[in-house]
2 protein chains.
Amino acid sequence: MANQDIDYIDLKILQALLENAFLTHKEIGAKVHLTGQAVGARVRKLTDLGVIDGYTLRWNPGKIGLTVHAFLTVFMNSNQSHQSFRDFVLSNEAVTEVHRVSGEGCYWLRIRIGDSSELNKLLDSVLKYGNYRLSLSIEQIK
Amino acid sequence: MANQDIDYIDLKILQALLENAFLTHKEIGAKVHLTGQAVGARVRKLTDLGVIDGYTLRWNPGKIGLTVHAFLTVFMNSNQSHQSFRDFVLSNEAVTEVHRVSGEGCYWLRIRIGDSSELNKLLDSVLKYGNYRLSLSIEQIK
DNA sequence: AGTAACTCCTTTCACGGTGAAAGTATAAAG
DNA sequence: CTTTATACTTTCACCGTGAAAGGAGTTACT
């Protein structure tokens, strides 16, 4: 499996692993009509190509007390503060995802935090860098 | 390990698995000073409690041609269309995450799609249900 | 056509991670 | 001081894994 092309079978394998990364190669092989070893070689190819970056958990922050799930669009109020803002979000563990965006605002953040008073404190910190628009996730549908 | 409390060690294990879900229990055990089997028992507890929902990939949609990463806030224009909107987003494979939100808009969507013309078509479909605000991810920072 | 090179598969095999079971240690309760 | 419960370690058999070797199918060159 040195050929760098990604075919239909690779996509099926990706899809299977996205659903459950602990499927054995043998089990995936049963779906795509290959032996486990052949699946293993393709998974290695996908990893070498950088399609697969790593393996992680699907989990439930709410069950360990992180009941607030918020999306924050940040509008910077100065061109000087970008670097310090980045340092801030990178070091704040309640901020679990950050994107530079075009369109609405400058940055988009995902927040996982215990309760609304903690969120309040976080929002105060964000105000140092700019304004924001906040959305709270009521229910994850997909 | 029938005790339902989640302690500091459990959180360390969670953190380790979030970074790399394919660490062996033994390797995690070396970090938290337990045998692999003890770690296995705690992982099972976390799974039974629903803290761990499953295992999935960290991956790179850009490498299979899904170069556009967009966030969409949708404002419904009618109270009747919620169910059909849900059906729409659940069945559309470019929509990879959906939340009901309070604050800005009614729903928040994550889109992974090949190019802007495909995005255009998707946005046209969304317009049937309401208005939207679009942000494009330029760079994922965290 | 014949052969060489290449790709991608299967088969085989040894290693090691895994969960189950049994044994051990510690702490709390009567 | 014993009983019980919890959470650990040790031991063990199973099986998933990657490596290696071999085979089948395809392409390209003479």
Side-chain angles (χ1 to χ4, degrees), chain A residues 1-67 93 112 114, chain B residues 1-67 93 112 114:
Chain A
M1 186 48 68
N3 188 336
Q4 304 294 55
D5 294 341
I6 291 171
D7 64 12
Y8 175 70
I9 293 180
D10 292 321
L11 293 179
K12 292 268 284 182
I13 292 173
L14 257 183
Q15 204 178 340
L17 287 174
L18 278 168
E19 248 181 61
N20 178 9
F22 268 15
L23 287 173
T24 66
H25 295 164
K26 199 184 195 177
E27 288 168 316
I28 298 170
K31 299 186 180 193
V32 298
H33 310 294
L34 288 178
T35 58
Q37 288 78 353
V39 172
R42 281 168 177 271
V43 170
R44 224 170 300 130
K45 180 190 72 173
L46 290 168
T47 304
D48 292 341
L49 288 175
V51 178
I52 295 177
D53 257 356
Y55 299 86
T56 186
L57 298 180
R58 207 177 311 112
W59 72 302
N60 209 327
K63 299 245 173 168
I64 62 162
L66 300 174
T67 56
E93 69 172 8
R112 288 285 202 174
Chain B
M1 186 50 68
N3 187 338
Q4 304 294 55
D5 294 341
I6 292 172
D7 63 12
Y8 175 70
I9 294 180
D10 292 321
L11 293 180
K12 292 269 285 181
I13 292 173
L14 256 184
Q15 203 177 340
L17 287 175
L18 278 168
E19 248 180 61
N20 178 8
F22 268 16
L23 287 174
T24 65
H25 295 165
K26 199 185 195 178
E27 287 168 316
I28 299 170
K31 300 185 181 194
V32 299
H33 310 293
L34 286 177
T35 58
Q37 287 77 355
V39 173
R42 281 169 177 270
V43 170
R44 222 169 302 129
K45 180 189 72 173
L46 289 168
T47 304
D48 292 342
L49 288 174
V51 177
I52 294 176
D53 257 355
Y55 299 86
T56 186
L57 298 179
R58 206 178 311 112
W59 72 302
N60 209 327
K63 300 244 173 169
I64 61 162
L66 300 174
T67 57
E93 68 172 10
R112 289 284 202 176

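Note that the structure is predicted; figures quoted are calculated from it, not measured. The chains referred to below are lettered A, B, ... by the order of the sequence lines, with proteins before strands, and numbering in each begins at 1. Below, each value reflects all heavy atoms present in this structure, side chains not excepted, and no hydrogens, waters or symmetry copies.
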Are any of the side-chain heavy atoms of L23(B) and K31(B) separated by less than 4.5 Å?
yes
Looking at dC8(D), I'd like to know if its phosphate oxygens (OP1 or OP2) sit under 4.0 Å from a side-chain N or O belonging to H33(B).
no
Taking dT12(C), dG16(D), dA20(C) as options, the one with an atom nearest any side-chain atom of K26(A) is dG16(D)
Value in whole Å for how far the C1' atom of dA22(C) lies from CD of Q37(B):
13 Å
Given dG17(C), dC9(C), dG19(C), identify the nucleotide with an atom nearest to the side chain of T24(B).
dG17(C)
Between dT9(D), dG18(D), dG19(C), which nucleotide gets closest to the side-chain atoms of T35(B)?
dT9(D)
Within the structure provided, determine whether T56(A) and T56(B) are in side-chain contact (heavy-atom separation under 4.5 Å).
yes
Provide, to the nearest angstrom, the distance between the CD atom belonging to E27(B) and the C1' atom belonging to dG17(C).
10 Å
Let me know the distance between NZ of K45(B) and P of dA7(D), rounded to the nearest Å.
7 Å
Would you please confirm or rule out a distance under 4.0 Å between OP1 or OP2 of dC8(D) and any side-chain N or O of R42(B)?
yes
Would you kindly give the CG-to-P distance between D10(B) and dA7(D), to the nearest whole Å?
10 Å
May I have the distance from I28(A) (atom CD1) to dC9(C) (atom P), rounded to whole angstrom?
14 Å
Heavy-atom side-chain contact between W59(A) and L17(B) under 4.5 Å
no
Please report the distance, rounded to the nearest Å, between CD1 in I9(A) and P in dT10(C).
10 Å
Does a side-chain heavy-atom distance below 4.5 Å link D10(A) with K45(A)?
yes
Spacing of Y55(A) atom OH relative to dG16(D) atom C1', expressed in whole Å
14 Å
Candidates dC9(C), dG18(D), dG19(C) - which lies nearest the side chain of A38(A)
dC9(C)
Residues D7(A), R42(A): salt bridge by 4.0 Å N-O rule
yes
L14(B) side chain near I6(B) side chain, heavy-atom distance below 4.5 Å:
no
In whole angstrom, what separates L23(B)'s CG from dG17(C)'s C1'?
13 Å
Those residues of residues 11-22 of chain A lying under 4.0 Å from DNA chain C by at least one heavy atom
none
Are the side chains of V43(B) and H25(B) in touch, meaning some heavy atoms are under 4.5 Å apart?
yes
